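What follows is one structure encoded as structure tokens, with my remarks underneath.
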Number of protein chains: 2
Amino acid sequence: MNDDDGEPGHAKLVHLLRAVTVEYGLRQAEFAARNGMHATDVRALISLLDAARADEPATAGRLGARLGLNSAGTTAVIDRLERLGHVARVRDARDRRRILLRVEPGAFRLGREFSGPPIDAVLDVLDAFGPAERDAVRRFLTAALAGFSPKPGA
Amino acid sequence: MNDDDGEPGHAKLVHLLRAVTVEYGLRQAEFAARNGMHATDVRALISLLDAARADEPATAGRLGARLGLNSAGTTAVIDRLERLGHVARVRDARDRRRILLRVEPGAFRLGREFSGPPIDAVLDVLDAFGPAERDAVRRFLTAALAGFSPKPGA
DNA sequence: CCGCGCTCTCTCGCTGAGCGAGATTATCGC
DNA sequence: GCGATAATCTCGCTCAGCGAGAGAGCGCGG
């Protein structure tokens with residue numbers, strides 16, 4: 001990646017961040033395999049759980065967009081999650097073209113099982129942080145997030 | 001994910017981190033598609049570039065382990081990267097069972113094209129950081145990384 | 001109130017990523 | 001040298017995800 005430009009202390013942080021994302025991906029795949037799923041299914045579950053927590057409506061289309069899947073792939077993901085009993089398809093009464101995805105209790109448990117330990121570890125460290133330090137982390141992560149999103153060439 | 005325990009300021013940072021990893025995954029897939037590859041190939045390239053920068057030997061086996069693939073899948077990844085001219089297979093003279101993977105110039109360019117913008121964005125923010133803030137970020141990321149790695153139940 | 005375009009989801013057929021099993025080739029201790 | 005072990009590759013298979021298009025429901029204009 002040749003990001004040796006910048007100060008060494010800076011580059012190390014960038015590498016740490018990448019290491020985190022890589023590790024996260026591996027853990028997802030491993031957890032998925034342990035639970036008879038695929039990485040995409042775990043991502044879908046997390047996406048659905050996030051939406052549930054934020055009280056956002058979770059439709060099939062939205063999920064597919066979030067995962068970068070086309071409609072056929074999205075249907076397949078939902079089929080798999082439904083077969084495992086993690087979500088249920090519910091026709092939207094307002095707009096009956098839509099499928100609302102209801103997250104079942106087992107899925108919440110799975111989500112906690114997957115995300116719980118790392119979240120606790122991070123919260124542990126954050127507890128010792130002062131406001132300035134938390135803000136530093138926040139600015140760093142925000143920059144990282146913004147650094148990805150722009151579509152340069154497309 | 002029901003991580004509403006912990007202080008709200010803390011939870012937000014956890015969600016930010018997850019958002020970063022999710023976005024990173026999507027960008028990988030998108031970039032891969034733009035360059036006639038798959039997400040796994042991009043991950044492999046990044047892994048190889050990291051190894052090259054650290055002057056670590058990059059063998060087929062190591063790569064597969066890093067990506068969580070079995071030997072057959074690893075061979076397939078290398079086949080694809082080789083076909084695209086991004087890596088070359090080189091027999092290790094010391095141990096001729098081993099295949100060393102030489103990263104070709106085009107791959108370095110690809111790597112920079114993918115990682116450059118986000119890295120620059122992050123470095124930009126880090127430049128304005130003092131040592132204490134950088135250390136806060138470092139501790140946060142280290143905790144996140146450590147939080148993933150342990151194998152609880154297996 | 002009916003038709004028409006648009007949106008959302010699903011079905012079908014297909015490509016190819018990744019797996020398991022086992023073959024192949026090379027190293028090493030004896 | 002020879003058997004045990006290690007690294008990689010080959011083969012056959014399963015199934016994730018894609019493209020194309022069908023079907024059902026919405027809502028607007030006439």
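Note that the structure is a prediction, hence the values are computed from the model and not measured. Numbered from 1 within each chain, the chains take letters A, B, ... in sequence-line order.
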For the pair made of NE2 in B:H38 and P in D:dC15, what is the distance, rounded to whole Å?
-> 20 Å
When rounded to whole Å, the CZ to P distance for the pair A:R66 and D:dG17 reads 17 Å
Residue pair A:R96/B:R98 against DNA chain D: nearer the 5' end by closest nucleotide is B:R98
Does the side chain of B:L100 reach to within under 4.5 Å of the side chain of B:R91, using non-hydrogen atoms?
-> no
A:I99 atom CD1 is separated from D:dG25 atom P, nearest whole Å, by 11 Å
Please check the phosphate of C:dC10 (OP1 and OP2 only) for any side-chain N or O of A:R89 closer than 4.0 Å.
-> yes
Is a salt bridge present between A:E104 and A:R102, judged by a nitrogen-to-oxygen distance below 4.0 Å?
-> yes
With distance as the sole criterion, is a donor-acceptor pair present between the side chains of B:H15 and A:R53 under 3.5 Å?
-> yes
Kindly point out which of D:dA20, C:dG18, C:dA17 is positioned nearest to the side chain of B:T40?
-> C:dG18
From the list C:dA26, D:dT10, D:dG17, which nucleotide is the closest neighbour of the side chain of A:R80?
-> D:dG17
Got a donor-acceptor pair under 3.5 Å from the side chain of A:N70 to the base of D:dG19?
-> yes
Starting at the 5' end of DNA chain C, which residue's closest nucleotide do you reach first, B:V77 or B:S71?
-> B:V77
Take the protein atom CG of B:D79 and the nucleotide atom C1' of C:dA17, then report the distance between them rounded to whole Å.
-> 12 Å
A:R91 atom CZ is separated from D:dG25 atom P, nearest whole Å, by 7 Å
Starting at CG of B:L63 and ending at P of D:dA7, how long is that distance when rounded to a whole Å?
-> 14 Å
Looking for any heavy atom pair under 4.0 Å, which part of the strands does A:R94 touch: base, sugar-phosphate only, or nothing?
-> sugar-phosphate
Atom pair distance, as rounded to whole Å: CZ in A:R83 and P in C:dC10 | 13 Å
Which of the following nucleotides, D:dG17, C:dC19, D:dT8, is nearest to the side chain of B:A60?
-> D:dT8
Side-chain contact check for A:T59: nearest option of D:dC9, C:dG18, C:dT9 is C:dT9
Check ion pair A:D79-A:R89 (N to O, under 4.0 angstrom) | yes
Determine whether A:E133 and B:D135 make a side-chain contact, defined as any pair of heavy atoms from C-beta on separated by less than 4.5 Å.
-> no
Measure from CG on A:D92 to P on C:dC8 and round the result to the nearest Å.
-> 12 Å
Please evaluate the base of C:dT7 for a donor-acceptor partner in the side chain of A:R97 within a cut-off of under 3.5 Å?
-> yes
Which part of the nucleic acid, if any, lies within contact of A:G64, taking any heavy atom under 4.0 Å across all strands shown: a base, the sugar-phosphate backbone alone, or nothing?
-> nothing
